[in-house]
6 protein chains.
Amino acid sequence: MRTERAPDALRAVEIIPRFTKAPAGSALIRCGGTTVLCTVSAVEGVPRFREGRGGWLTAEYAMAPGSTPSRSARESSTGKVKGRTHEIQRLVGRSLRAAIDLERLGEWTLHVDCEVLEADAGTRTASITGGFVALALAVDHLMDRGALASNPLRAAVAGVSCGIVRGQALLDLDYGEDVQATVDANFVRATPGGWIEVQATGEDGAYTRTELDALLDLAERGIDNLHAAQRAALGAAAERVWPKEIADG
Amino acid sequence: MRTERAPDALRAVEIIPRFTKAPAGSALIRCGGTTVLCTVSAVEGVPRFREGRGGWLTAEYAMAPGSTPSRSARESSTGKVKGRTHEIQRLVGRSLRAAIDLERLGEWTLHVDCEVLEADAGTRTASITGGFVALALAVDHLMDRGALASNPLRAAVAGVSCGIVRGQALLDLDYGEDVQATVDANFVRATPGGWIEVQATGEDGAYTRTELDALLDLAERGIDNLHAAQRAALGAAAERVWPKEIADG
Amino acid sequence: MRTERAPDALRAVEIIPRFTKAPAGSALIRCGGTTVLCTVSAVEGVPRFREGRGGWLTAEYAMAPGSTPSRSARESSTGKVKGRTHEIQRLVGRSLRAAIDLERLGEWTLHVDCEVLEADAGTRTASITGGFVALALAVDHLMDRGALASNPLRAAVAGVSCGIVRGQALLDLDYGEDVQATVDANFVRATPGGWIEVQATGEDGAYTRTELDALLDLAERGIDNLHAAQRAALGAAAERVWPKEIADG
Amino acid sequence: MRTERAPDALRAVEIIPRFTKAPAGSALIRCGGTTVLCTVSAVEGVPRFREGRGGWLTAEYAMAPGSTPSRSARESSTGKVKGRTHEIQRLVGRSLRAAIDLERLGEWTLHVDCEVLEADAGTRTASITGGFVALALAVDHLMDRGALASNPLRAAVAGVSCGIVRGQALLDLDYGEDVQATVDANFVRATPGGWIEVQATGEDGAYTRTELDALLDLAERGIDNLHAAQRAALGAAAERVWPKEIADG
Amino acid sequence: MRTERAPDALRAVEIIPRFTKAPAGSALIRCGGTTVLCTVSAVEGVPRFREGRGGWLTAEYAMAPGSTPSRSARESSTGKVKGRTHEIQRLVGRSLRAAIDLERLGEWTLHVDCEVLEADAGTRTASITGGFVALALAVDHLMDRGALASNPLRAAVAGVSCGIVRGQALLDLDYGEDVQATVDANFVRATPGGWIEVQATGEDGAYTRTELDALLDLAERGIDNLHAAQRAALGAAAERVWPKEIADG
Amino acid sequence: MRTERAPDALRAVEIIPRFTKAPAGSALIRCGGTTVLCTVSAVEGVPRFREGRGGWLTAEYAMAPGSTPSRSARESSTGKVKGRTHEIQRLVGRSLRAAIDLERLGEWTLHVDCEVLEADAGTRTASITGGFVALALAVDHLMDRGALASNPLRAAVAGVSCGIVRGQALLDLDYGEDVQATVDANFVRATPGGWIEVQATGEDGAYTRTELDALLDLAERGIDNLHAAQRAALGAAAERVWPKEIADG
């Protein structure tokens, strides 16, 4: 098993807020060897199915071809968006929608874009964790511009992966661990709130409820630590937009 | 809450084996108002990444345009395979690969095709449950032809959906229930073995571990009943291909 | 030549009305080893080029990958709708539009979807014959709901294939015969009315007018028998929607 | 009815051989207001399904966007090849394959490309008639280069459209007539040989066998005249490649 | 170096106005072995980004598959428009927009379509030179119909390629020269006006400013001669639409 | 005119080498408000058309959706790679191939990927300038691994944009200047060597040779300064891979 890091330890997390200036909000997140640039663009208006029902948030995800040691093809060049990409985009969008009161958002569409610049496993959960910071900065920006009357954020959201490697439950796998895992799981929590997403897959063989419980325990602790990193990255903006129930807690 | 059916009751299940004769195996499954034709075609050879490592199983899923009261566009016509379709195909493939010892399969690729003829929720889990029957029939056919020396099936696999509707945990939702659910979950089990897939999503708000446990309880019972229906549908073939550990258990 | 069936005999025909419940009308047709699920969905409104000119009817056709002994690729996966598919869709649409008075239909679009579940030749003509039954049931359903004031069906439509195999003209070829045919023909008739479509192709060598006449003779008889099967399948609905000129004839 | 041209008269035909020099054979055909550039490119080798079975001939067809008074979208720009295009390509390929003994052609693939430069109806049959001239020139060129030992042409092939307009059967419709036609038909003949393709469609209402016979009569005469124009266009090359049975007949 | 033509000599130019009748304007241009059919279709209305700002002109370009000795794939068949095509379309559109006062054009969109029928290098500049003739004829046609109140042409536009082959600057390369060129350049000029486009690429090694100057000198002279050919091809229409400043100059 | 920066001054340039670790070489370049991540991945083998002729280098370019204040659609989602993207990819590839002796590279394909993270004009030239640094680092890495026997770099390559705004020639335009420019130009130079690419487009009106000369003067000076920034960013690696003729000059 891994020796340089405890089974329940996260990899080093670094979140650089406002890495780029063009979009309403942006954050570069590094989780160990995984690097993702998350941006949030605010566009007036909503898709037809949301008309008259408040705002909307949608996400896209792409791996830069050079993000892996052996180059991966660019999806715009192959003309095929892979199933894995679709799955991740849906997960990121769903997770971050749980962070926001769409009615209070008003008729805005928030586009979360996650560009994976370096991939060492855990890119989807890093996208969610970093995406929440970019989202909070975008909300802060819109409030500052007077485009939003009040803070629509209702919970902080973060995600983490776990897995079972040679029988041991581990938090926050890197690529070398991920390929050996017999169970592969992703967890997303909202605080306050609870679980937004639990996905646990037996890659090679099945798992028991006891094993599932061990993974849930690891994830709870990991996400608490990620929330602390998110809040620190927001700096002064956290005063204005971090969901009240936590700030007061 | 629903009155005509207990919270832990499955909808009526009917599985017609060998509904069509062309493929190696086929089964039509009806779960309440959901109808799926599952076929398994056996093609010699394997994709490059499997060469020298045994066989492979892959799945495709499509909703017939007329399967819903308001017609849904055909993906071959729009030229876009939706993210939802990709997600389901990956789930079905992964789940049924857990049923089979790929090394023992030898250099065959099994293509599972799930054509949803009528959609009243639970189409992905019906595809898995019916797909296993078609898979078992295909294996029986290949053994009968002498193309397989021994039975590569190592577990029976079935899936079921659950959800929380107005605070109550329910098994096997129909469409009317599904749209009201605040938590939406899909479960796949292998017997013998354990969980292959647990996916629980907070559609509108988060959920607690206690709620997750209630859904897991419902799913366990439901899948036991689906195994019984699968075995009955296989008839005499069950003697030859139903995974031994169960038959003997 | 074939011995088990006379040159002018159809294969066994079975038509199951309302095989699925979701669409306005549906029918499963089996012609020998060919099985097609035909559905008709009714959508309010018409394409722009029909505005103010009454209703519209359009058709789509797809072969399920498992419908043939050697699996055929799914067109939504390859991203390419084959020329053959386009050709058939246009034929089915054109043929069934001949069955209906579009002005009397009013501003509805009827989508005919033909899912080939098993393919043993003659799938396009089975789609037309079964499609007419689904169409008649959809019309009956719309009249029952009060969405149509009067019956817009003006003719029954059915199709059949013929061919010349080793010099002999044969009705309703199966796959084994089809691959040996030197002339391959498809015929569609409306009753009352006459020919809607005559298509005769020399696959390997040309044909004379005498040979064309022999094929037309076979098709006439075959289509009369298919009309009888269509009417029987409609049951009581035939009283309400079978085109009057025939009912009275 | 049309007054400036007899019901059984072709429009003015002009065929310019070798309009472009790059391909093995080319011909520009003008039938009234319809202009098509037909080229035949010879490529060594055959598609996999023809290996060891002689040569192959395949056709493509495209309407230039500026070929119609109201510009039509370019299919490469829309990314969608229309069903009509597929249908025509298949017809042209099938028809011209009837002109050639593929075994004698040897391992060559002939690509027939039909670029419609001006469209005033009858573009598919003009493509066939002009395509045969380009094909004959390509064969002549390959024989001259020593790439073919003997002439593989076994028949001359030409096509023509007919229709019923206000009850009268007419040969070689122009666009103004075509839009009024209640029956629309395309005929292809091989000489020597007979019919290769008969396609007659009731666009608005059905037709009788007597009407079909009238159209066949018109087509026979029209195609005889087109053969004369083809032979004249070939000039001296006709001596070398025009199918012997006719030359001697 | 080339001996049959001086380094500063154009290839033989032939421009046939109104080669096809369907579009508002058309011209077939032959520059040595390169043949392009240019058509201009006039469509009422403008793209959204031009609304209220006058007219628009856009261009498309396609090589017919049979235009080269070894057939090139049709872009509508491969479903991929090549980068080279996009680059040329943008160049042709930009160049011909420089010829026209879009405000004076009013709310028309002019579609320039360039079909390369034979390709012996210089197809993009031939498209611009021939396209201007088709454009002038379309303008003349629209003025004649009363659709335009006054002549919107403000300059004549033509293009030519140059290159450096074995150290010598050459005008109007053919294919044999083009493949040997170490510098490849395309020039477009408006008269009156000046340069619209200078593009010089070192294909294999870099070039000096002295060399660039030599190419610019060649291009100036070549374009003057192409203007003379354009004006001659327009015949009497030149009196009406050739930009006044030249006519008077 | 701009007051905060002289007409011949570059924007602030920052180049961060090895911004990501996965690919063979990478560099993040910031030119004023434009930020591009350039990576170079080395893949063994070459495309078929290069077999036996040494290595190859190819480039891709993509703008992240959040790189502009109003979000731009992701090309993988629209399924359409824009003409502008193709044009830029071809330019970047061509320019960087001029930096390298492909024969000496041996049978490697270098993939240059340029991800525009922030776009404030000049993204294509920033991609070239930053791409060269990533390329040099990749070469250094391959030499260090022993995969290359000697340094294949033969020239340093950098690019810069210029334009004419309200009659004045300006170096290195930002977005605000770019939209006002009447002439828009991009220049690429190799040192030692000379011009690789000169592209000057009259966006609204033509330009004279005197104006073109003024732009070339600005570009020469700008590129000299960019070379200094490239060399500084390479640090110690410059000793090993900066093209000798410069190092020694």
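So that the names make sense, note that chain A is the first sequence line, chain B the second, and so on, each numbered from 1.
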Among [options], which residue forms the greatest number of heavy-atom pairs with chain B at distances under 4.5 Å?
| options | value |
| --- | --- |
| Asp213(A), Leu91(A), Asn186(A), Val183(A) | Asp213(A) |
| Val188(A), Thr208(A), Asp217(A) | Asp217(A) |
| Arg189(A), Arg94(A), Lys82(A) | Arg94(A) |

Arg97(A) and Glu203(B): CA distance, side-chain angles, deciding distance, salt bridge (Lys or Arg N to Asp or Glu O under 4.0 Å) verdict: CA-CA 9 Å; Arg97(A) 280 194 293 276; Glu203(B) 293 290 341; over 6 Å; no
Interface moiety of Arg84(A) toward chain B, non-hydrogen atoms closer than 4.5 Å: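 Backbone plus side chain of Arg84(A), per the 4.5 Å heavy-atom cut-off to chain B.
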Most chain A-contacting option - heavy-atom pairs closer than 4.5 Å, from Ala200(B), Gly194(B), Gly202(B), Ser95(B):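 Looking at each option in turn, the highest pair count goes to Ala200(B).
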Heavy-atom distance under 4.5 Å between the side chains of [X] and [Y], does that happen here?
| X | Y | value |
| --- | --- | --- |
| Glu211(A) | Trp195(B) | no |
| Tyr207(B) | Val198(A) | yes |
| Glu87(B) | Arg90(A) | yes |

Non-hydrogen atoms of Gly193(B) and Ala206(A) that approach each other most closely: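 The answer is C-CB, 3.7 Å.
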